[in-house]
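Here's the structure, in structure tokens; my notes come after.
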Amino acid sequence: MVITRKSIPRRTLLRGAGAALALPVLDAMTPALSADTKRPIRMTFIEVPNGIMMDKWTPGTEGANFALTRVLEPLADFRDRTLVLSGLDQRQSAALAFEIAGDHPRACTAWLTGAHAKMTAGADLRAGISVDQVAAREFGKYTQLASLEVGLESSEVVGSCESAYSCAYYNTISWRNETTPLPMENRPRAIFERLFGDAAASDPAARLALRQEDRSILDSIAEEVKRLRGVLGGADRSKIDQYLEALRDLERRMQLAEKQDHHELPQIAGPIGNPQVFSEYYKLMTDLMVLAWQTDMTRVCTFQIGHEMSGRAYPEVGFGDAHHAVTHHQGDPEKIEKTTKINVFHTKMLAYYLDRLRATPDGDGSLLDHAMILYGSALSDGNAHSNVDLPLVVAGHAGGLRGGRHIASEPRTPVANLFVELMNSAGLETEKFADSTGRVELRA
């Protein structure tokens, strides 16, 4: 047998004026006839704000034969890769005897940390390390970025946002340690340049010139791409072409957003430079997250769709009411229906992300095959600010997850039990996390 396949370094970069472009994982990066072709596990943690209409979310039966509810129906194409979880509580969201209000900041802070947020409006924040950062500490040893924190609302709000709780608690769900919340980046251009613009090796002025001329960073590396394609096999050339096409499309969409007059769509508030239509904004950000995995720039993403108490409106679903306002429905059927429509819309957006992962090749499968995605809310009943029986879904096949089931835990089971299971499924040996008392079995 004659082995002709070329081998190139895993960290090959295509360099041009204002760009240092990472490559997707190629067959040529695996030595010929190597048995070590196992793809890495990736993890994403996605939080939606303000709770979910639980009677429209929770399946009526346990096990494999449950019927998809109205809010879960958009995930029908991913049923075999999805686990619906119920019965898991986040007790650290509950108020202590001396605490005033603060249900929302305590909820989003505790969601991934299992820690109780210190009531303060100052800089003396305190919570705990979040599960995404536990994973990032290990997976980050092998990637350029330990993790990627993404949001769809600004993290620049300061001061006190609810009662005596700092706005810093609202601005993130990710904590590096007990005192260090990580900012969620809501600017697509900033994420793009973090992934593909090597500031240490490239001239910022050159990158700016490319943007002002509406030129793609791909234009600056055209010769490098041509040279690389000449030494790759057919399968790798197809991967490169697909990747570069996706990259060029992302650039086009960002350029359109940056040119868009923010007065064109006054019903949706958003920072200048970000898409004004929510679905476009969401898709752009998740496509960046897909590319981050495809290039193995990071293996951990944390995605906060909106701040707790988010007043975002969703005209795409047919009305302009603020999200938080309609969740406090007090039994009003009209507000209940509006909240449900927002919940369904969010789940449709999740389906888009899962579809993009499924469509992206990764070794012997797809990115979705080698991923685990946690999706849910830090509150269950938004009207009551309940932290009991949180709405949670785990998607993906990484680590032996066996989908297509509704798993109902015993009431009052800590959600930290789920985190212990996810970390162990990802190969991160963990006996205890926060207030865990065991594990939620997802692989049996």
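Values below: every heavy atom of this structure, side chains too, minus hydrogens, waters and symmetry copies. Owing to the predicted nature of the structure, the values given are computational and were not obtained by experimental measurement. Throughout, numbering of the chain's residues begins at 1 and tracks the sequence.
Rounding to the nearest 0.5 angstrom, the gap separating the CD atom in Glu138 from the CZ atom in Arg299 is 9.5 Å. Note that NZ of Lys348 and CD of Glu73 are 10.0 Å apart. Values are rounded to the nearest 0.5 Å. The distance from the CD atom of Glu178 to the OG1 atom of Thr113 is 10.0 Å, given to the nearest 0.5 Å. Here the SG-CG distance, from Cys108 to Asn171, works out to 8.5 Å after rounding to the nearest 0.5 Å. To the nearest 0.5 Å, the span separating CG on Asp435 from CD on Gln90 amounts to 6.0 Å. From Arg106, atom CZ reaches atom OG1 of Thr109 across 10.0 Å, with rounding to the nearest 0.5 Å.
In this pair, Phe433 and Phe419 present their aromatic rings perpendicular. The plane angle is above 60°, beyond the 30 to 60° band.
Of the possible donor and acceptor atoms, one in the side chain of Arg405 sits under 3.5 Å from a partner among the backbone N and O of Arg402. Judged purely by atom type and a 3.5 angstrom limit, Gln133 has no side-chain atom pairing as donor or acceptor with the backbone of Ser130. Looking at Asp381, its side chain does come within 3.5 Å of a backbone N or O of Asn383 through a donor-acceptor pair. A donor-acceptor pair is defined here as one N or O able to donate and one able to accept, closer than 3.5 Å; no such pair exists between the side chain of Ser436 and the backbone of Lys432. In this structure, the side chain of Tyr375 does not engage the main chain of Ile46 through any donor-acceptor pair within 3.5 Å. A distance-only check finds no donor-acceptor pair linking the side chain of Asp369 to the backbone of Gly365 [under 3.5 Å]. Side-chain atoms of Thr360 come within 3.5 Å of backbone atoms of Arg356 as a donor-acceptor pair (strictly under, hydrogens ignored). At distances below 3.5 Å, at least one donor-acceptor pair connects side-chain atoms of Trp111 with backbone N or O atoms of Ser377. A donor-acceptor contact shorter than 3.5 Å links the side chain of Ser380 to the backbone of Val388. In this structure, the side chain of Glu185 does not engage the main chain of Pro183 through any donor-acceptor pair within 3.5 Å.
Few gaps surround CZ on Arg79; more than 12 heavy atoms of other groups in view lie less than 6.0 Å from it.
Of all heavy-atom pairs between His116 and Ala94, the closest is CE1-O, 2.8 Å. In plain terms, the two heavy atoms of Pro275 and Pro188 that are nearest each other are CD-CG, 4.3 Å. Of all non-hydrogen atoms in Leu112 and Thr302, the two that sit nearest each other are CD1-CG2, 4.1 Å. Among all heavy-atom pairs drawn from Pro361 and Ala359, the shortest one is CD-O, 3.4 Å. When every heavy atom of Ser386 is checked against every heavy atom of Leu390, the shortest pair comes out as O-CD2, 4.5 Å. Closest approach of Ile305 and His346 over heavy atoms only: CG2-NE2, 4.2 Å.
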(request) Starting from the C-alpha separation in whole Å, work towards a yes-or-no answer on side-chain contact (heavy atoms from CB on, under 4.5 Å) for Leu422 and Met43. (result) CA-CA 9 Å; Leu422 290 177; Met43 305 180 81; 4.2 Å; yes
(request) Go through Asp132 and Ser174 one step at a time and tell me if the side-chain hydrogen bond (donor to acceptor under 3.5 Å, both in side chains) criterion holds. (result) CA-CA 7 Å; Asp132 60 314; Ser174 184; 2.6 Å; yes
(request) For Thr298 and Gln144, run side-chain hydrogen bond (donor to acceptor under 3.5 Å, both in side chains): C-alpha distance rounded to whole Å, both residues' side-chain angles, the deciding distance at 0.1 Å, then the answer. (result) CA-CA 6 Å; Thr298 190; Gln144 184 168 322; over 6 Å; no
(message) If you apply the rule salt bridge (charged side-chain N to carboxylate O under 4.0 Å, His left out), what do you find for Arg412 with Glu410, and how did you get there?
(response) CA-CA 6 Å; Arg412 306 302 290 170; Glu410 291 294 322; over 6 Å; no
(request) Run the numbers on Asn274 and Asn186 for side-chain contact (heavy atoms from CB on, under 4.5 Å), then give the verdict. (result) CA-CA 8 Å; Asn274 299 340; Asn186 74 315; 3.6 Å; yes
(request) Could you give me the CA-CA distance, side-chain angles and deciding distance for Leu83 and Leu392, then say whether side-chain contact (heavy atoms from CB on, under 4.5 Å) is met? (result) CA-CA 9 Å; Leu83 287 159; Leu392 299 166; over 6 Å; no
(message) Glu47 vs Leu374, test: side-chain contact (heavy atoms from CB on, under 4.5 Å). Steps then yes/no.
(response) CA-CA 8 Å; Glu47 187 227 8; Leu374 174 67; over 6 Å; no
(request) Could you go through the side-chain hydrogen bond (donor to acceptor under 3.5 Å, both in side chains) check for Asn177 and Thr180 one step at a time? (result) CA-CA 5 Å; Asn177 53 45; Thr180 311; 2.8 Å; yes
Please report, to 0.1 Å, the donor-acceptor pairs under 3.5 Å made by any side chain of residues 437-444, with sequence neighbours excluded.
residue, atom, partner, partner atom, Å
Thr437, OG1, Asn417, ND2, 3.2
Arg439, NE, Glu421, OE1, 3.0
Arg439, NH2, Glu421, OE1, 3.1
Glu441, OE2, Arg443, N, 2.8
Glu441, OE2, Ala444, N, 3.3
Arg443, NE, Glu421, OE2, 3.2
Arg443, NE, Ser425, OG, 3.3

Name every donor-acceptor pair, under 3.5 Å, that has one atom in a side chain of residues 50-65 and the other anywhere in the protein, sequence neighbours excluded.
residue, atom, partner, partner atom, Å
Asn50, OD1, Met309, N, 2.8
Asn50, ND2, His323, ND1, 3.3
Thr58, OG1, Met54, O, 3.2

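Taking the side chain as every heavy atom from C-beta outward, Thr347 and Leu75 approach each other to under 4.5 Å. Under the 4.5 Å side-chain criterion, counting only non-hydrogen atoms from C-beta, His104 is in contact with His385. Using a 4.5 Å heavy-atom cutoff, the side chains of Leu148 and Arg194 are in contact. Considering only heavy atoms from C-beta on, Arg126 stays 4.5 Å or farther from Met119 through its side chain. Counting heavy atoms from C-beta outward, Ile173 and Met184 have side chains that approach closer than 4.5 Å. The shortest side-chain heavy-atom distance between Glu334 and Thr339 does not fall under the 4.5 Å cut-off. Val84 places a side-chain heavy atom less than 4.5 Å from the side chain of Leu72. Between Gln304 and Leu152, the closest side-chain pair of non-hydrogen atoms is not below 4.5 Å.
Under 4.0 Å is where a charged nitrogen must lie from a carboxylate oxygen, and between Lys335 and Asp321 no such pair does. A salt bridge between Asp362 and Arg42 is present, with a side-chain N of the basic residue lying under 4.0 Å from a carboxylate O of the acidic one. At a threshold of 4.0 Å, the pair Arg70-Glu337 counts as salt-bridged, since one of the basic side-chain nitrogens sits closer than that to a carboxylate oxygen.
Ring centroids of His307 and Tyr169 are separated by 6.0 Å or more, keeping the two rings apart. Aromatic ring centres of Phe345 and Phe278: separated by under 6.0 Å.
With no hydrogens or angles considered, a side-chain donor-acceptor pair links Ser147 and Glu149 at under 3.5 Å.
Paired with Phe303 under the rule ring pair (Phe, Tyr, Trp, His ring centres under 6.0 Å), one option of Tyr353, Phe45, Tyr282 passes, and it is Tyr282.
Cation-pi geometry between Lys283 and Tyr352 is met: the NZ or CZ atom falls under 6.0 Å from the ring centre, inside 45° of the normal.
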